[in-house]
Structure formats: C-alpha cells, structure tokens
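The figures here come from the full heavy-atom set of this structure, side chains too, leaving out hydrogens, waters and symmetry mates.
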Amino acid sequence: CIRDRYSNSPTKDSYELYSSFEYTQGRIPRPILELKQSHFFGMWYQGVFISGMYVMVSFEYMRSRSIFSKRLSLESKDMRRRASNASRRLMWEMCIWGKKNGYKGLDLGSVNKNNPKTRSIADFKLSFGGNLVKEYAYIYKSKSFQFFERFVHLKHFFVRLLRRGF
C-alpha cells in the first residue's frame, strides 16, 4: 500500500525511521528542517511505515536525498524482503511521479562498487539501469569547523540518552 506517495513535508514516522536507519548505518541524520525542503515518498505495509525516500528537485532533475527502510531492524526474513521490495516499488512510483511532473531524470547519487560496505547500495542503485556519470566534489572545512565536527557524535549520544530517559 502506498500512502501519501508525495508530500512536501516529512512525517513524524518517516523522520523517526530515517534517523534510526542513518544511526544504524553509522551516519548522522540530517536535521528535519533540512529535509522539509525535500519531497517525501513513503510505503506502508499493513499500516506500518516500512520504506521512504526524500528527493530534492533542481530545475528539470530529481536527486535522491535519502533512501531508507525498516529492513535493517526487522527480525523476519520475509519482512526484510518485503521492506526491500517496497523500496524498489517506491523508486518506480517516484519515477512515474517525476515523469508526470516533467522531470527529465533522477540522480541516485554516488555509486561505489569497490567498497564492500556500500556494495549492496551500489547494486540497488545500478539495478534500475541508467547512466554512470563521473562525480567531482570539493569540500572546504575551516579549522574551527573541523574542531567542532569531532563533537557532533557526543551531541547525538546525549540527545538519544535524554529521549530514552535515565
């Protein structure tokens, strides 16, 4: 069941699943205010939110911001398969929406086929076909930013600790 296939705003359950997925992957989730600039696509199974995507639009192209699911937190092999298939179906539905709204393409972001940790992500992205394009990135971080960046994990640790209670 696809509910609210397209929305301009992340829902509470979508942001909670997104955050959990990012922490499980060892990443820090983007702030919800940043994701409010994205389009949200979601998939539910028997009333439970299991897969979602945040997508940015830039002129005539869509760019995947985040693809996430409940797959990593499910015990049942059958439910993990359903969550994985839901992400694939959601990708299809997102492409249909993009085409109907005049977008020319979808950028799924970086693909690293050589890193064993990201190989399954690369396989997922490549399974949809399309073209691989070289990507170049330049990142500048001031000395003060680099210093404070080391402490961001502590902030998130304390936030999660406070949410759970002592």
Side-chain angles (χ1 to χ4, degrees), residues 1-74 77-141 152:
C1 164
I2 299 171
R3 189 178 85 204
D4 297 329
R5 251 192 314 175
Y6 161 72
S7 169
N8 271 333
S9 180
T11 61
K12 184 177 184 237
D13 56 349
S14 73
Y15 190 74
E16 285 175 2
L17 179 57
Y18 160 73
S19 296
S20 172
F21 187 83
E22 291 298 300
Y23 283 127
T24 302
Q25 298 288 313
R27 298 183 297 249
I28 297 171
R30 292 183 163 109
I32 194 165
L33 290 175
E34 187 178 320
L35 294 174
K36 285 187 177 187
Q37 300 169 18
S38 304
H39 295 289
F40 166 68
F41 297 81
M43 181 77 81
W44 284 256
Y45 176 72
Q46 295 181 346
V48 177
F49 179 59
I50 60 170
S51 179
M53 297 183 186
Y54 292 117
V55 179
M56 297 290 290
V57 293
S58 177
F59 303 103
E60 67 263 2
Y61 294 96
M62 300 184 306
R63 181 174 172 104
S64 171
R65 191 74 172 181
S66 182
I67 303 169
F68 54 97
S69 74
K70 218 173 181 112
R71 172 181 58 83
L72 299 175
S73 63
L74 296 169
K77 185 176 181 179
D78 180 58
M79 283 305 293
R80 283 194 305 272
R81 183 181 50 79
R82 287 181 191 275
S84 181
N85 288 340
S87 295
R88 292 180 184 287
R89 171 69 187 272
L90 194 53
M91 182 72 74
W92 173 255
E93 295 291 334
M94 186 178 58
C95 288
I96 290 172
W97 177 87
K99 192 168 186 168
K100 282 182 185 175
N101 287 281
Y103 294 103
K104 291 183 178 178
L106 170 64
D107 180 354
L108 293 177
S110 297
V111 174
N112 186 340
K113 298 185 286 185
N114 300 322
N115 183 345
K117 289 184 175 184
T118 60
R119 179 62 203 196
S120 62
I121 296 168
D123 290 343
F124 175 80
K125 290 176 178 182
L126 293 171
S127 72
F128 297 100
N131 302 318
L132 287 178
V133 179
K134 277 208 179 280
E135 179 182 66
Y136 300 95
Y138 173 79
I139 299 172
Y140 170 77
K141 296 179 182 180
V152 76

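The backbone N or O of Y15 sits less than 3.5 Å from a side-chain atom of S19, completing a donor-acceptor pair. Within the 3.5 Å criterion, the main-chain N or O of L74 finds a donor-acceptor partner in the side chain of R80. At least one donor-acceptor pair closer than 3.5 Å links the side chain of Y18 to the backbone N or O of R30. No donor-acceptor distance shorter than 3.5 angstrom exists from the side chain of K104 to the backbone of F59, with no hydrogens or angles considered.
With contacts defined as side-chain heavy-atom distances shorter than 4.5 Å, the pair M79/Y45 qualifies. Contact of the R82 side chain with the N85 side chain is not registered, since no non-hydrogen atoms from C-beta on lie closer than 4.5 Å. Contact annotation: the side chain of M91 approaches that of F124 to within less than 4.5 Å [non-hydrogen atoms, C-beta and beyond]. Residues D123 and R119 are in side-chain contact: their nearest non-hydrogen atoms beyond the backbone lie under 4.5 Å apart. Counting only heavy atoms from C-beta outward, the side chains of L126 and L132 approach each other to under 4.5 Å. Between Y103 and V55, every side-chain heavy-atom pair lies at or beyond the 4.5 Å cut-off.
Rounded to the nearest 0.5 angstrom, W44 CH2 and S51 OG are separated by 9.5 Å. For the atom pair CE (M94) and CE (M53), the distance works out to 5.0 Å, reported to the nearest 0.5 Å. The structure places CG of L17 at 9.0 Å from OG1 of T24, a figure rounded to the nearest 0.5 Å. Taken from CG in N101 to NE2 in H39, the straight-line distance is 8.0 Å, to the nearest 0.5 Å. Rounding to the nearest 0.5 angstrom, the gap separating the CZ atom in F21 from the OG atom in S14 is 14.0 Å. Note that the OH atom of Y54 and the CD1 atom of I32 stand 6.5 Å from one another [nearest 0.5 Å].
Closest heavy-atom contact between S87 and F68: OG-O, 4.4 Å. What you find for V57 and M62 is that their closest heavy atoms are CG1-CG, 4.0 Å. Closest heavy-atom contact between R65 and S38: CG-OG, 3.9 Å. The nearest pair of heavy atoms linking R71 to S84 is CD-CB, 4.1 Å. Annotation for R63 and G109: closest pair NH2-CA, 4.0 Å, computed over non-hydrogen atoms. Nearest heavy atom pair, residue A86 against residue I50, reads CB-CD1, 3.6 Å.
Side chains of R88 and S127: a donor on one and an acceptor on the other come within 3.5 Å.
For W92 and F128, the distance between ring centers is not under 6.0 angstrom.
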